[in-house]
Amino acid sequence: MTGRERPAHAAVPGPDDLLTAVVETLRDEILPQSGGRSRYLLKACVAALETVRRDLVAGPERAAVEAAVFAALEVQDEQALVSQIRAGLTPERFARVVAELDRRTDVELRVLGRG
């Protein structure tokens, strides 16, 4: 359960809430006072925490879309799809693969806040 799925009555912040608070503190309060190597390391830590938070929140949706894409393409996983692509695809199969991968990419872009 992510921080956004917590019951409204929950008194304890969820993982998403905690990560957001840490990121905001590092980025807004500590980073502006830092310089040199410390500033670089803080930026790297903030980026890593933002990635973890995004993956925590979007993980279930990503997994569901990925499973739907593989089911629609009738493959077990990404490795099986890669093997098919390397072996060669008919034009119809190629178009279907591209359409399904576009769907997965749309979700990724939305998760990243770029779509």
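What you see below is based on every heavy atom in this structure, not just the backbone, and it leaves out hydrogens, waters and symmetry mates. One is the number of the first residue; the rest follow in order along the sequence.
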Check your understanding: Considering residues at least two apart in sequence or located in another chain, which fulfil the side-chain contact (heavy atoms from CB on, under 4.5 Å) criterion with A95?
Key -> none

Check your understanding: Got a sec, which hydrophobics cluster with L41, joining ILVMFWY side chains under 4.5 Å apart, including via others?
Key -> Y40

Practice item. Can you sort out the partners of R96 under side-chain hydrogen bond (donor to acceptor under 3.5 Å, both in side chains), two or more places apart, ordered by chain and number? Key: none

Check your understanding: Does the side chain of L101 reach to within under 4.5 Å of the side chain of L81, using non-hydrogen atoms?
Key -> yes

Review point. Salt bridge check: are E50 and R53 linked by an N-O gap of less than 4.0 Å?
Key: no

Check your understanding: Does a side-chain heavy-atom distance below 4.5 Å link V107 with R110?
Key -> yes

Practice item. With sequence neighbours excluded, tell me which residues meet side-chain contact (heavy atoms from CB on, under 4.5 Å) with D28. Key: E24

**Study point:** Donor-acceptor contact present, side-chain Q33 to main-chain E29, <3.5 Å
**Key:** yes

Check your understanding: Which atom pair, heavy atoms only, marks the closest approach of P32 to R27?
Key -> CD-O, 3.3 Å

**Study point:** ILVMFWY cluster, V23 and I30 together (side-chain gap under 4.5 Å)
**Key:** yes

Check your understanding: Pick from T20, T25, L26: which one makes a side-chain contact (heavy atoms from CB on, under 4.5 Å) with V22?
Key -> L26

**Study point:** By side-chain hydrogen bond (donor to acceptor under 3.5 Å, both in side chains) - contacts of R104 (at least two apart)
**Key:** E66, E78

**Study point:** side-chain contact (heavy atoms from CB on, under 4.5 Å) partners for F94, two or more places apart
**Key:** L89, V98

Point to revise | Where at least one partner belongs to residues 83-95, residue pairs that pass salt bridge (Lys or Arg N to Asp or Glu O under 4.0 Å), sequence neighbours excluded | key: none

Practice item. Please round to the nearest 0.5 Å and tell me the distance separating atom CG of L18 and atom CG of L56. Key: 10.5 Å

Exercise for review: Would you please name every residue forming a side-chain contact (heavy atoms from CB on, under 4.5 Å) with T51, sequence neighbours left out?
Suggested key: R54, D55

